[in-house]
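Below is one structure, written out as structure tokens; comments come after it.
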Amino acid sequence: MCKGLAALPATCLKSAKDMKHRLGFLLQKSDSCDYSSSQGKKEKAAPAQRVSQEEVKKWADSLENLIHHDRGLAAFRAFLKSEYSEENIEFWVSCEDYKKTKSPAKLSPKARKIYNEFISVQATKEVNLDSCTREKTSQNMLEPTLSCFDEAQRKIFTLMEKDSYRRFLKSHFYLDLVSPPAAGCGPENCKRAHARNLDCNSNIVSQCA
């Protein structure tokens with residue numbers, strides 16, 4: 001040991017050793033946390049399951065094909081958000097969830113929540129229903145059943161089918177998914193376009209968050 005260290009009191013040497021030990025432990029812990037964090041990020045960043053071109057093209061056959069597919073529903077929801085009209089698809093999804101209710105005791109509170117959110121005069125996300133359908137749905141709230149929103153849901157489905165769904169098929173939300181690489185493009189451009197088509201569903205779906 002050098003004279004400088006030897007001249008130090010034993011308590012100082014012990015404190016220095018303790019500090020070195022603690023620093024080593026903290027560094028190891030930090031490395032471990034960084035590894036765990038990076039692993040978690042990798043898992044969260046895992047790419048979404050790709051959708052085949054055949055499946056994407058089926059979405060143009062009907063709105064039903066589109067919104068009954070998880071990725072199609074996500075893309076359509078993203079499009080509606082861009083038009084500030086996502087309340088229609090949110091109402092439709094809420095009705096689908098409501099019809100799966102198994103406990104009779106949960107029917108009334110779930111029905112009231114949907115009604116207050118989408119149908120009542122003071123609804124925060126009021127959907128566009130005719131007065132007759134709105135009145136009938138209000139009457140159904142007296143004794144809610146699994147089918148109490150069926151007519152209202154059908155009306156909103158038809159509204160989306162005739163309006164926003166047609167615009168969706170002409171939007172980049174859909175065209176970016178279904179369009180093939182441009183003919184005659186350079187090798188690098190073709191490569192990028194091909195990669196875009198393969199991974200397009202994850203790019204579009206990321207806009208839904």
Side-chain angles (χ1 to χ4, degrees), residues 48-102 106-107 110-141 144-180 196-209:
Q49 184 179 359
R50 293 173 180 171
V51 183
S52 68
Q53 285 292 299
E54 290 74 16
E55 191 65 40
V56 173
K57 289 177 181 177
K58 288 180 182 179
W59 299 350
D61 292 339
S62 69
L63 175 59
E64 188 172 2
N65 285 350
L66 173 67
I67 61 181
H68 278 95
H69 190 287
D70 289 343
R71 301 301 178 213
L73 176 61
F76 189 52
R77 190 195 294 266
F79 167 72
L80 292 179
K81 281 186 177 182
S82 74
E83 292 198 334
Y84 303 99
S85 61
E86 66 268 25
E87 69 276 359
N88 290 327
I89 193 62
E90 288 182 9
F91 173 66
W92 185 88
V93 170
S94 295
C95 291
E96 288 295 290
D97 177 69
Y98 175 78
K99 288 187 288 187
K100 297 174 184 177
T101 304
K102 295 181 180 180
K106 293 182 179 180
L107 283 179
K110 289 183 72 172
R112 180 56 56 181
K113 183 177 184 298
I114 294 173
Y115 179 82
N116 290 338
E117 188 172 7
F118 298 103
I119 299 177
S120 74
V121 177
Q122 298 179 336
T124 56
K125 300 178 182 179
E126 185 179 358
V127 293
N128 188 13
L129 292 171
D130 60 88
S131 58
C132 182
T133 303
R134 193 180 300 275
E135 179 61 29
K136 183 175 181 180
T137 305
S138 297
Q139 291 295 322
N140 291 341
M141 290 297 98
T145 64
L146 289 176
S147 60
C148 66
F149 293 110
D150 282 2
E151 184 171 345
Q153 186 184 20
R154 280 195 297 270
K155 291 293 178 70
I156 294 303
F157 179 91
T158 301
L159 180 65
M160 291 190 295
E161 186 177 40
K162 293 181 177 180
D163 185 27
S164 52
Y165 171 60
R166 294 180 180 180
R167 292 198 304 277
F168 168 77
L169 295 178
K170 298 177 182 179
S171 73
H172 75 86
F173 289 88
Y174 180 70
L175 296 179
D176 283 354
L177 293 171
V178 76
S179 59
R196 184 196 65 181
N197 284 333
L198 289 177
D199 297 325
C200 56
N201 62 298
S202 58
N203 292 335
I204 293 299
V205 170
S206 67
Q207 300 180 42
C208 305

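Residue numbers start at 1 and run along the sequence shown.
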Heavy-atom nearest pair, Leu63 first then Met160, reads CD2-CB, 3.9 Å
Side-chain contact test, heavy atoms from C-beta onward, threshold under 4.5 Å: evaluate it for Asn140 versus Glu151 and give yes or no.
no
Is it true that Tyr115 and Ser138 share a donor-acceptor pair across their side chains at a distance under 3.5 Å?
yes
With a 4.5 Å limit on heavy-atom distance, are the side chains of Arg71 and Val56 in contact?
no
Do Val127 and Leu159 come close enough that some side-chain heavy atom pair is under 4.5 Å?
no
So among Lys155, Gln153, Glu161, Arg154, which one has a side-chain contact (heavy atoms from CB on, under 4.5 Å) with Phe157?
Glu161
To the nearest 0.5 angstrom, please state how far the CD1 atom of Ile119 sits from the CD1 atom of Ile156.
8.5 Å
Passes side-chain contact (heavy atoms from CB on, under 4.5 Å), Lys58 versus His69? Steps please.
CA-CA 10 Å; Lys58 288 180 182 179; His69 190 287; over 6 Å; no
Just so I know, are the side chains of Arg134 and Glu126 near enough to count as touching, which here means a heavy-atom distance under 4.5 Å?
yes
Non-hydrogen side-chain atoms of Trp59 and Leu177 separated by less than 4.5 Å:
yes
Rounded distance [0.5 Å steps], CG in Asn116 versus OG1 in Thr124
9.0 Å
Below 30° counts as parallel, above 60° as perpendicular, anything between as tilted: where do the rings of Phe168 and Tyr174 land?
tilted
More than 12 heavy atoms of other groups within 6.0 Å of Lys136 NZ
no
More than 12 heavy atoms of other residues, nucleotides or ligands under 6.0 Å from NZ of Lys110: is that the case?
yes
Residue of the set Phe149, Phe91, Tyr98, Trp92 for which ring pair (Phe, Tyr, Trp, His ring centres under 6.0 Å) holds with Phe118
Phe91
At what distance, to the nearest 0.5 angstrom, does NE2 of His172 lie from OG of Ser82?
6.5 Å
Does any part of the side chain of Glu87, heavy atoms only, come nearer than 4.5 Å to the side chain of Glu117, both counted from C-beta?
no
According to salt bridge (Lys or Arg N to Asp or Glu O under 4.0 Å), who are the partners of Asp163, at least two apart in sequence or on a separate chain?
Arg167
Quick one: CG on Leu107 to SG on Cys148, what's the gap to the nearest 0.5 Å?
7.5 Å
Is the shortest distance from a Lys or Arg side-chain nitrogen in Glu86 or Lys81 to a carboxylate oxygen in the other one below 4.0 Å?
no
All heavy atoms of Phe173 vs all of Ala75, minimum pair found to be CD2-O, 4.1 Å
Taking Tyr165 for its side chain and Ser62 for its backbone only, find out whether a donor-acceptor pair lies under 3.5 Å.
yes
Side chains of Thr133 and Asp130, donor plus acceptor under 3.5 Å
yes
Mind listing the closest non-hydrogen atom pair of Ile67 and Leu73 along with its distance?
O-CB, 3.8 Å
Approximate separation, where rounding is to 0.5 Å, of Leu146 CG and Lys100 NZ:
12.5 Å
Nearest-0.5 Å distance, OG of residue Ser94 to NZ of residue Lys113
6.5 Å
